[in-house]
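Down below is the structure, laid out as structure tokens.
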2 protein chains.
Amino acid sequence: MITVFIADDHKIFRDGIISLLENEEDIRVVGEAGSEEELNTRVARLQPDLILMDISMGSTNGIDATESILKRFPKIKVLALSMHSESSYILKMLEAGASGYLLKDAGSREMVAAIRSVASGNTYFSQQVSQTLLHHLSGGKKIKEKIAGVPLTKREIEVLQLIAEEFSNAEIAERLFISIRTVDTHRRNLLEKLGVKNTAGLVKNAIRLGLIHT
Amino acid sequence: MITVFIADDHKIFRDGIISLLENEEDIRVVGEAGSEEELNTRVARLQPDLILMDISMGSTNGIDATESILKRFPKIKVLALSMHSESSYILKMLEAGASGYLLKDAGSREMVAAIRSVASGNTYFSQQVSQTLLHHLSGGKKIKEKIAGVPLTKREIEVLQLIAEEFSNAEIAERLFISIRTVDTHRRNLLEKLGVKNTAGLVKNAIRLGLIHT
DNA sequence: TAAAAAATACCGGGAAATGCGTATTTCTAC
DNA sequence: GTAGAAATACGCATTTCCCGGTATTTTTTA
């Protein structure tokens, strides 16, 4: 019997998952949480086999929550559940110790299969996630995010993230140990590649790409 | 028998709702859609009593989809489903013709009650949504969004939205028929009230407030 | 190994944003 | 009717961003 705990800030979603898993004889939902506070107190008490963890739990970051939980309960498995298929989200979640990453595009059958796989000690990734990972793992290739067919370079992504974190060009130059003029150039390339007019457009794309959260 | 159609881009979510509604004798899920294309073609064929409409369907805007559907099938009821409780989302959805607005915070019982209410010709709003509406409807009061305890004025919100839409101060001034200096001032006030350093911070808040979508 | 891509960096200039301050008029709520 | 909030607007200055162009070096790829 696999004991499952559901962490997601939307009660409708949790209720739906609970209802779905009621049909599975080898899976039992032992608890749920809509906030990190509930997550921490209830998981400590319930010690589930597996946590189904939404990575964007309202104001709480599922990535940090995962790291925190696994530090205290290393035997618990975490299966990430997300709408985000961008590699930055995936990698962060894996670094935090998650054993799987499931996209919300997946159907209930796939979710059940993922739960069983992860609970039995394997990893599980949605197909799209697997492809992203394979591409990343094959020889340590650079992450390249494709936007409108034009890839962003690793450095451009770094600059984009810092712009979205409200750093000025001068501050970015200092942090990356490069010239302001170089930051200028990256910034310009970003504007062109992303087809946006200014910083506002850049920030929107940074959020879309999962580089920062709102 | 109430025939229900589910529009949400996350299959796990749809599966969950379907599973939940299987327990209701007077409600039958006749279809589902993960995209606007599917929504349009299947709703035309199935003619459900009610559509449970997620207002952020990936790249599709549930608000526009609602308006479009109701223009063609005015008898169908739309119950909006959203994580967003900000008044801008609510009002837009109502203007599009939705008969109800349910937050994803709601549990399954409330969802079922909402479906029955809307299907029988009433409106239904989550409690938080009701309060927002009451406040707005009571004598045409201005919308004030509270951030960190300091409310933004109506004009500030307008300016914030246009900033996030990549307009320059000059362009905003032209659109709002005011001086650039005035835009300056609003912009300055926004920076201070929101406690952010620059445009990047403003855009993040615009997204948080639901003024724009990523 | 050669070519392509990426990273780095500069020139010059103007537009736009930020930041310090000020003020008056209009609107709203009591 | 009055006080306070909101909207409007200005002075001035500095900093930052955007944009036209250029180039070399380093790294990656085929």
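Chain identifiers are assigned alphabetically (A, B, ...) following the order of the sequence lines, protein sequences preceding nucleic acid strands; residue numbering begins at 1 within each chain.
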### Task
For the pair B/E110 and A/K11, find out whether any cationic side-chain nitrogen is under 4.0 Å from an anionic carboxylate oxygen.
no
### Task
Would you indicate what A/L191 reaches in the nucleic acid, counting non-hydrogen atoms under 4.0 angstrom: base, sugar-phosphate, or nothing?
sugar-phosphate
### Query
Could you state the CG-P distance from A/D184 to C/dT8, rounded to the nearest angstrom?
14 Å
### Query
Is the closest basic N to carboxylate O distance between A/D184 and A/R187 below 4.0 Å?
no
### Message
If you only use heavy atoms from C-beta on, which nucleotide in C/dT8, C/dT18, D/dC10 is closest to the side chain of B/R188?
### Response
D/dC10
### Under-4.0 Å side-chain N/O to phosphate OP1/OP2 contact, B/R155 with D/dT8
yes
### Query
When the distance from CZ of A/F177 to P of C/dT8 is rounded to whole Å, what number comes out?
12 Å
### Query
B/T199 has a side chain; which of C/dC10, C/dA7, C/dT18 sits nearest to it?
C/dT18
### Query
Do NZ/NE/NH1/NH2 and the carboxylate oxygens of B/K104 and B/D54 come within less than 4.0 Å?
yes
#### Entry: A/R42 to A/F5 six-membered ring, cation-pi geometry met (6.0 Å, 45°)
no
## Note on the structure
Out of D/dA7, C/dT18, D/dC17, minimum distance to the side chain of A/R187 belongs to D/dC17
### Query
Could you state the CD1-P distance from A/I172 to C/dA9, rounded to the nearest angstrom?
14 Å
### Task
Indicate whether OP1 or OP2 belonging to D/dC10 is found under 4.0 Å from a side-chain N or O atom of B/T185.
no
### Query
What's the NZ-P distance between A/K197 and D/dC19, to the nearest Å?
10 Å
### Message
If you only use heavy atoms from C-beta on, which nucleotide in C/dT8, D/dG11, D/dT16 is closest to the side chain of A/S168?
### Response
D/dT16
### Message
Under 4.0 Å from OP1 or OP2 of D/dA9: is there any side-chain N or O of B/T182 that close?
### Response
yes
### Query
Hey, are the side chains of A/L209 and A/L160 touching, using non-hydrogen atoms and a 4.5 Å cut-off?
yes
#### Entry: Separation of atom CG in B/N198 from atom P in D/dT15, rounded to whole Å
16 Å
### Task
Write down the distance between CD1 (B/I178) and C1' (D/dA6), rounded to a whole number of angstrom.
12 Å
### Task
May I ask you to verify if any side-chain N or O of B/H186 is less than 4.0 angstrom from the OP1 or OP2 atom of D/dT8?
yes
### A/I163 CD1 - D/dC18 C1' separation (whole Å)
12 Å
### Message
If you assign A/F167 and B/N189 each to the DNA chain D nucleotide with the nearest heavy atom, which residue ends up on the more 5' nucleotide?
### Response
B/N189
### Message
With a 4.0 Å limit, can you tell me whether A/N169 has a side-chain N or O closer than that to the phosphate oxygens OP1/OP2 of D/dC17?
### Response
yes
### Summary
Separation of C/dG12 atom P from A/R181 atom CZ, nearest Å, is 9 Å
